[in-house]
Every structure is written in C-alpha cells, then in structure tokens.
Trainee: 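Take a look at this one; I'll ask things after.
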Amino acid sequence: TEPSLGRSQVAHIFATVPPLEPLPRLTETAPRLSEAPRLSAAAQEQVQFVPANFWWRLLASIIDSLLLSVVAVVLLFVFGGSSLLTLIAAADGDSSTTQLGSAIVGLAGAYLLWLLIITIGSWLYYTILESSERQGTLGKMACSLFISNLDGERITFGQANGRFWSKIGVSIAIAIVFGIIGLPFGRESAIGSLLNFASSLAVLYTYAMVFFTPRKQTLYDQISGTLV
C-alpha cells in the first residue's frame, strides 16, 4: 500500500513552497512606422537608381498620350458638338448667310476654347504630377518610373515646368531654324522636302539622346536638370 498524507502534512508542504512572482508587464509598445529606423547617410549613398531606358519611357509616354487623348475627345464633343450640329443644320437648311456665318464663328470659338483647355490641362497634368510625391505621371507610375533631380531627389514645380516647356520649345525652335533655311528653296522643292525630313530627324534625336548619354537623358532632361 502507498503511504497517505494527512491534511496537516499537505498544508505544511504548500506552506514551504515560495510564492510565484508575477510576470513583468510589457511597458514598451511597438515602434510606429514613422519611428522606424532610417538608413544612415552612408547607406543612402550606396542606394543607386537605374536610369530608365528608351523603351520604358516610350511606353509611359504612350500611356499618357492615350489618357489625354480620351479626355481631349470627350471635351471636343462637349464643347464643339452643339456648334457642329448647328453648322450642319444651317448648311442643309434654308439658312441665311448670316446664320451660317454665326454657326462657323461658334464652331471656331468652341475649337479655340477646347484647344486652350487641352493645353492648360496637359501642362498641369505633367507639371503637378511630376513634381508631386509620386514624382511621375500616370503612365510613369504604371511603368514604375519616377522623375528626380540630379541628386535623386524630388523635383520642384519649376523644374517640372522646365521639362514641359523645353519639349515644346525645342521642337518649335528646330522647326523655325529649318524653315528659315528652306525659305529660298520652297517647301515643294526637293531641298525643301529634305529639310523637312531633317527637321523631323533633329526632333527625334532630342529624344534618342537617351541611347547616347551616360545617364540616359534626353535634351529636355539636360535642360531642366532631371533624371528618369
């Protein structure tokens, strides 16, 4: 038989056991995301971004162009649809010359208003998005591209304007120069056609400079001091 313990013996045994100390409470909370450790200056210097090649930039540009074209077509019908219908009705009916002229003026005014809105909208689309925290247009975001200055930092609104207007300005300047050169020969002559072709090649070269520059910059990238 096994020996049995009395109540007094059991109580004596439990009395000799030291009490358990309470577990320490966790007083420290998890750090917030904003308080997470950041890369040191030396580590940041080692982070290198690869410049985007021509084809990724072309794809991003196509996406942006498609988006802006859809908006442009919608606005064209909104502003010019009624004026166009009025012009068609005036031309088919027994309208007077005054009514027909008024319809033409209305259509021309709608077109100029549409052109102004498209120009301002394109300017704001590129400059605001490229200088925002996203550092790129919707097309660039879709291709995982972003724009920075030469130090890899977010560009200013002024630099975004430099990028936008230099694209237009360089193309206009090239067209003017080749147009002046071709004046003595005429646009319909063989030399005039050759100069027009050379003008187009010169504009394309400002974009093709991505293939030849060390940091894959176009001409307007170099003018505005930006990288993609």
Side-chain angles (χ1 to χ4, degrees), residues 51-77 79-81 83-84 87-88 90-92 97 100-127 130 137 139-140 159-228:
N53 61 36
F54 175 82
W55 303 111
W56 279 112
R57 296 179 65 157
L58 179 61
L59 178 59
S61 179
I62 291 174
I63 294 174
D64 287 328
S65 298
L66 290 176
L67 293 175
L68 293 176
S69 297
V70 171
V71 176
V73 170
V74 172
L75 291 178
L76 181 61
F77 280 103
F79 288 100
S83 300
L84 181 60
L87 178 61
I88 294 174
D92 292 340
T97 305
L100 183 61
S102 299
I104 294 175
V105 171
L107 182 61
Y111 173 75
L112 291 177
L113 179 61
W114 170 81
L115 189 62
L116 178 63
I117 292 176
I118 290 302
T119 302
I120 295 176
S122 299
W123 165 59
L124 294 177
Y125 173 79
Y126 283 100
T127 54
E130 290 181 351
T137 58
K140 289 183 175 62
Q159 286 179 299
N161 272 276
R163 279 179 56 84
F164 181 82
W165 293 112
S166 61
K167 294 178 187 179
I168 301 175
V170 168
S171 300
I172 293 176
I174 291 174
I176 291 175
V177 170
F178 280 89
I180 293 175
I181 296 174
L183 281 178
F185 308 100
R187 299 189 59 182
E188 302 300 329
S189 65
I191 297 179
S193 301
L194 182 61
L195 288 173
N196 290 333
F197 180 69
S199 175
S200 301
L201 288 181
V203 173
L204 290 176
Y205 177 74
T206 63
Y207 293 90
M209 289 174 66
V210 171
F211 292 107
F212 312 111
T213 52
R215 307 180 80 174
K216 298 183 179 180
Q217 291 176 289
T218 60
L219 180 59
Y220 56 85
D221 284 327
Q222 296 180 2
I223 293 174
S224 58
T226 57
L227 298 171
V228 179

Trainee: Would you say Leu67 and Tyr125 make side-chain contact, with heavy atoms under 4.5 Å?
Mentor: yes
Trainee: Evaluate the side-chain proximity of Val210 to Thr218: yes if any heavy-atom separation is below 4.5 Å, no if none is.
Mentor: yes
Trainee: Return each pair, listed once, that meets salt bridge (charged side-chain N to carboxylate O under 4.0 Å, His left out) where at least one residue sits in residues 199-219; pairs must be two or more places apart or across chains.
Mentor: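 Counting only pairs at least two positions apart or across chains, no salt bridge (charged side-chain N to carboxylate O under 4.0 Å, His left out) contact touches residues 199-219.
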Trainee: List the residues meeting side-chain contact (heavy atoms from CB on, under 4.5 Å) with Leu66, not counting sequence neighbours, and say none if there are none.
Mentor: Ile62
Trainee: Got a sec, which residues hit side-chain hydrogen bond (donor to acceptor under 3.5 Å, both in side chains) with Tyr126, two or more places apart in sequence or on another chain?
Mentor: none
Trainee: Listed by chain and number, what are the side-chain hydrogen bond (donor to acceptor under 3.5 Å, both in side chains) partners of Trp123, not counting sequence neighbours?
Mentor: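 Trp123: side-chain hydrogen bond (donor to acceptor under 3.5 Å, both in side chains) contacts with Asn161.
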Trainee: On a heavy-atom basis, which atom in Ser199 and which in Ala175 lie closest, and how many Å separate them?
Mentor: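 Between these two residues, the closest heavy atoms are OG-CA, 3.9 Å.
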Trainee: Taking Thr226 for the side chain and Gln222 for the main chain, is one N or O donor matched with an acceptor at less than 3.5 Å?
Mentor: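 Not a single qualifying donor-acceptor pair exists.
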Trainee: What pairs of residues pass the salt bridge (charged side-chain N to carboxylate O under 4.0 Å, His left out) test when at least one of them lies in residues 219-228, not counting sequence neighbours?
Mentor: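 The answer is Arg57-Asp221, Arg163-Asp221.
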Trainee: Going from CG on Leu227 to CD on Gln217, what distance comes out if it is rounded to the nearest 0.5 angstrom?
Mentor: 5.0 Å
Trainee: Who pairs with Ile223 by side-chain contact (heavy atoms from CB on, under 4.5 Å), at least two apart in sequence or on another chain?
Mentor: Ser166, Val170, Leu219
Trainee: Only pairs at least two apart or in different chains count here, so list each salt bridge (charged side-chain N to carboxylate O under 4.0 Å, His left out) that has a residue in residues 165-182.
Mentor: none
Trainee: Would you give me the side-chain donor-acceptor pairs under 3.5 Å for residues 104-120, sequence neighbours excluded?
Mentor:
residue : atom : partner : partner atom : Å
Trp114  : NE1  : Ala72   : O            : 2.8
Thr119  : OG1  : Leu115  : O            : 2.8

Trainee: Got a sec, which residues hit ring-ring contact (aromatic ring centres under 6.0 Å, His included) with Phe54, two or more places apart in sequence or on another chain?
Mentor: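 Phe54: ring-ring contact (aromatic ring centres under 6.0 Å, His included) contacts with Phe211.
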Trainee: Distance check, rounded to the nearest 0.5 Å: Leu59 atom CG versus Asn53 atom CG?
Mentor: 10.0 Å
Trainee: Can you give me the closest heavy-atom contact between Gly162 and Ser224, atom names plus distance?
Mentor: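 Looking at all heavy atoms of both residues, the closest pair is C-CB, 3.9 Å.
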Trainee: Could you work out, with ring-ring contact (aromatic ring centres under 6.0 Å, His included) as the rule, every residue matching Tyr220, not counting sequence neighbours?
Mentor: Tyr207
Trainee: With rounding to the nearest 0.5 angstrom, report the OG to CG distance, Ser200 to Leu195.
Mentor: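 One gets 11.0 Å once the value is rounded to the nearest 0.5 Å.
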Trainee: Holding to side-chain contact (heavy atoms from CB on, under 4.5 Å), I want the full list of residues that pass it with Ala198, two or more places apart in sequence or in another chain.
Mentor: Phe178
Trainee: Within this structure, what is the CG-OG1 distance for the pair Leu201 and Thr206, rounded to the nearest 0.5 Å?
Mentor: 11.0 Å
Trainee: Looking at Gly139 and Asp64, what are the two nearest heavy atoms and their distance?
Mentor: N-OD1, 2.8 Å
Trainee: My understanding is that only residues two or more places apart in sequence, or in another chain, count here; which of them pass side-chain contact (heavy atoms from CB on, under 4.5 Å) with Ser61?
Mentor: Ser65
Trainee: For residues Gln159 and Gly225, report the shortest heavy-atom separation together with the two atoms involved.
Mentor: NE2-O, 3.5 Å
Trainee: Given side chains that start at C-beta, do those of Ser122 and Leu68 come closer than 4.5 Å, heavy atoms only?
Mentor: yes
